[in-house]
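All remarks here apply to the structure that follows.
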Amino acid sequence: MLTEQEVARSWRALFRGGECNQELFDRAEQLLEELRPESPLRHRLETELTEIRRRAVKQGGLSG
């Protein structure tokens with residue numbers, strides 16, 4: 001299990017490139033699973049991931 005600091009660092013590195021694809025989203029979800037369900041960081045990153053995914057779909061980068 002990773003620490004919150006390690007997850008946050010990996011999260012930033014994951015999204016640094018700017019290009020979104022399903023593999024990136026799968027890796028992001030794996031990082032979220034490393035955090036406790038009650039973790040405030042997990043809640044924040046889940047919200048962020050939802051927004052990133054929504055934008056990718058809107059821009060035509062991913063399907064529904």
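FYI, side chains are in, hydrogens and waters are out, and symmetry mates aren't considered; it's all heavy atoms of this structure. Values in this document were obtained by computation on a predicted structure and should not be read as measured data.
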Interatomic spacing from [atom1] in [X] to [atom2] in [Y] - rounded to 0.5 Å:
{"X": "R54", "Y": "Q59", "atom1": "CZ", "atom2": "CD", "value": "9.5 Å"}
{"X": "E46", "Y": "L41", "atom1": "CD", "atom2": "CG", "value": "10.0 Å"}
{"X": "R44", "Y": "W11", "atom1": "CZ", "atom2": "CH2", "value": "8.5 Å"}
{"X": "L31", "Y": "D26", "atom1": "CG", "atom2": "CG", "value": "11.5 Å"}
{"X": "L2", "Y": "L35", "atom1": "CG", "atom2": "CG", "value": "8.0 Å"}

Would you mind checking if [Y] and [X] are paired as a salt bridge, meaning a charged N to carboxylate O distance below 4.0 Å?
{"X": "R9", "Y": "E6", "result": "no"}
{"X": "E29", "Y": "R53", "result": "yes"}
{"X": "E34", "Y": "R42", "result": "no"}

*Which atoms form the tightest heavy-atom contact between F25 and A56, and what is the distance?*
CZ-CB, 4.2 Å

*For E38, does the CD atom have more than 12 heavy-atom neighbours from other residues, nucleotides or ligands under 6.0 Å away?*
yes

*Near E51 CD, under 6.0 Å, is it more than 12 heavy atoms from other residues, nucleotides or ligands?*
yes

